[in-house]
Amino acid sequence: MEKAGIPAPEPRVERFEKLGFGMFIHWGLYSQLGQGEWIQRIGNIPGPEYAKLKETFTASEFKPKEIARAAKRAGMNYITITTRHHDGFSLYDTRGLSEYDALHTPAKRDLIAEFVDACREEGLLPMFYHTTLDWYQESYVNDFTAYLDYLYRSVEILCTRYGPIGGFWFDGNWDKPEEDWKLDELYGMIRRLQPEAMIVNNTGLEHRGEVGHPEIDSVTYEQGRPKPMDRRGMSKYVTAEMCETINDHWGIGKADFMYKSVPALIESLCACRKVGANYLLNVGPTAEGQILPVQTAMLEMVGDWLRIFGQPIYEGKPSDIEGEGDNFALETSDGKLYLFIYHLKISGHANVTVNGGGAGEKTFTGLQRKVESVRWLDNGEELSFTQDGETGTLRFHATGFPYGVNYVVRVAEATTA
Ligand code: GLC
């Protein structure tokens, strides 16, 4: 709902917000070591030794169509892939700019070209993560002007050789905060060559939610919880995206058992949508390029949840109507109201379930429209309610999950006059 003093989103930003849920992919030479994408630095591996990983990079299991299908199955609408990460190695054909790319490995393929095609085939929007800092290029240390030219020409390739893309997700400016990165030029080129592309630049763990440059279309919340955006007085409408690892690593960590639970993923998705942010969930494919079955399986379960509750997740916008505790409301532009309810339990037989907790009266405030019905979105069960028109308070009776069911977060649809 449009409010006074808040700029309207540009079409690319509006389109991005509606996508809601995306896949982040961290994959590169480092995946062969299975210890995350920072291993060159953190493991003090000398540059020339690390660069040898190029000789064993085969991409033999990289099947972008399967990846795109898995993303689609999970209810994701876009994929952001590391076209080049901090180690400086590119998954795309740098067309002579550098030999440190996938074309100069045993893979001998432009992996980004294949990725883009696969996304389009599945109706997903391809987006490009691109590092700005670089551990490989000597010019990054010795001759920053020359380095910026290299970076500019790299991005120019991505802008001109892959058709219309969803956007750029830059990362690394925080490494040299004192330098002039000439962002007007870089972003200006993107606007010229890819007018529909989002421009994002990760502000990192320390500066979540900050807008760095006037061209930025979305702030980032790396491994965080997005806050409601206060857009009053902003010169343009900026949206938000939260990215999160599925365990504790972006690039594959072979010995990382710290997987999030499926409920935690569902709750992260809901926490993002509550404030109108997108959720970018990361997977780290193997050395050869395959997403681990455990990760695909987890994504599938989130997809199952979205098959039931997807509509409000994609179409719903943050609302002034407030729930208690974690509970919250979303509204759609055609006036539908969705109430997200947490912490319900199964109302089953006491011998088999931890009985009934969480069910009972739920209160939402700030609702001026007259409510006509409240029902669970999943099974249509009608819920009794009362409404105090004067204070704008809605109270309804949330039943627990029937035995056989636990959706983690359950959504009720309220129809209003
Ligand atoms: C950090 C890390 C990087 C990772 C990114 C994802 O900035 O440096 O490795 O790609 O976060 O958000």
Side-chain angles (χ1 to χ4, degrees), residues 16 21-45 50 53 76 78-92 112 115 126-137 140 151 154-155 158 166-177 179 181 183 198-213 216-226 239-254 256 258 260 265 268-269 271-272 277-285 291 295:
F16 179 73
F21 185 29
M23 176 186 274
F24 211 174
I25 299 179
H26 275 70
W27 183 52
L29 295 184
Y30 46 80
S31 309
Q32 296 177 71
L33 302 177
Q35 296 166 77
E37 78 288 356
W38 269 73
I39 190 59
Q40 178 180 357
R41 259 306 138 90
I42 291 172
N44 291 320
I45 306 175
Y50 181 87
L53 289 170
M76 294 162 157
Y78 63 106
I79 307 182
T80 306
I81 191 169
T82 49
T83 58
R84 178 188 299 164
H85 206 270
H86 304 337
D87 63 3
F89 176 79
S90 307
L91 296 180
Y92 59 98
I112 294 305
F115 161 79
M127 305 216 5
F128 294 161
Y129 170 107
H130 202 283
T131 187
T132 55
L133 73 86
D134 197 305
W135 299 329
Y136 184 78
Q137 293 298 321
Y140 182 70
L151 176 63
S154 302
V155 174
L158 291 173
F168 282 92
W169 208 101
F170 293 111
D171 187 20
N173 291 57
W174 37 261
D175 190 49
K176 288 194 180 206
E179 285 288 359
W181 286 84
L183 291 173
M198 294 281 292
I199 299 181
V200 181
N201 197 328
N202 186 22
T203 44
L205 292 166
E206 310 231 315
H207 299 278
R208 293 181 180 123
E210 287 176 21
V211 185
H213 183 280
I216 291 297
D217 291 316
S218 172
V219 297
T220 60
Y221 284 90
E222 181 180 340
Q223 308 275 38
R225 274 284 178 269
T239 190
E241 180 185 57
M242 166 186 139
C243 57
E244 190 171 68
T245 48
I246 200 162
N247 49 21
D248 272 351
H249 287 83
W250 299 105
I252 185 170
K254 273 194 194 148
D256 180 359
M258 191 48 90
K260 296 192 172 57
L265 302 181
S268 283
L269 175 62
C272 287
N278 281 14
Y279 180 39
L280 186 63
L281 174 59
N282 182 75
V283 294
I291 303 181
Q295 303 190 2

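As the structure lists them, so they are numbered: ligands from 1, and atoms in each ligand from 1.
- Each of the atoms 7 (O), 8 (O) of ligand 1 lies under 4.0 Å from some heavy atom of W174.
- For the ring pair (Phe, Tyr, Trp, His ring centres under 6.0 Å) criterion with W169, the lone passing option out of F24, F16, F128 is F24.
- Scanning for ring-ring contact (aromatic ring centres under 6.0 Å, His included) contacts around H249 gives an empty result, with sequence neighbours left out.
- The atoms of ligand 1 that sit less than 4.0 Å from any heavy atom of E37 are 3 (C), 4 (C), 9 (O).
- Among W174, Y30, Y136, W250, the one residue that satisfies the ring pair (Phe, Tyr, Trp, His ring centres under 6.0 Å) test with H86 is W174.
- C243 counts as a contact of ligand 1, since one of its heavy atoms falls under 4.0 Å from the ligand.
- Of the protein's non-hydrogen atoms, E222 OE2, 2.8 Å is the one closest to atom 11 (O) of ligand 1.
- Annotation: W169 places no N or O atom under 3.5 Å from an N or O atom of ligand 1; distance criterion only.
- Short contacts between ligand 1 and Y129, defined as distances under 4.0 Å to a heavy atom of the residue, involve ligand atoms 10 (O).
- With 3.5 Å as the limit, one finds no donor-acceptor pair spanning the side chains of E210 and T203.
- At a heavy-atom distance under 4.0 Å, no atom of Q223 approaches ligand 1.
- Distance from atom 5 (C) of ligand 1 to its nearest protein heavy atom, with residue and atom name: D171 OD2, 3.3 Å.
- Taking the six-membered ring where the residue is Trp, W38 and W135 present perpendicular rings, their angle passing 60° and hence far from 30°.
- For ligand 1, the atoms closer than 4.0 angstrom to any heavy atom of H85 are 3 (C), 4 (C), 9 (O), 10 (O).
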For the pair M76 and L281, evaluate side chain to side chain contact (heavy atoms under 4.5 Å, CB included) and give the outcome as yes or no after the intermediate values.
CA-CA 9 Å; M76 294 162 157; L281 174 59; 4.0 Å; yes

Side chain to side chain contact (heavy atoms under 4.5 Å, CB included) for I199 and I216? Distances and angles first, verdict last.
CA-CA 5 Å; I199 299 181; I216 291 297; 4.1 Å; yes

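- Interface of H26 with ligand 1, defined as ligand atoms under 4.0 Å from a residue heavy atom, comprises 4 (C), 6 (C), 10 (O).
- Interface atoms of ligand 1 facing W38, defined by a heavy-atom separation under 4.0 Å, are 2 (C), 3 (C), 8 (O), 9 (O).
- Contacts with ligand 1 closer than 4.0 Å are made by side-chain heavy atoms of N202 only, the backbone lying farther away.
- Closest non-hydrogen pair, T245 versus N282, comes out as CA-CB, 4.1 Å.
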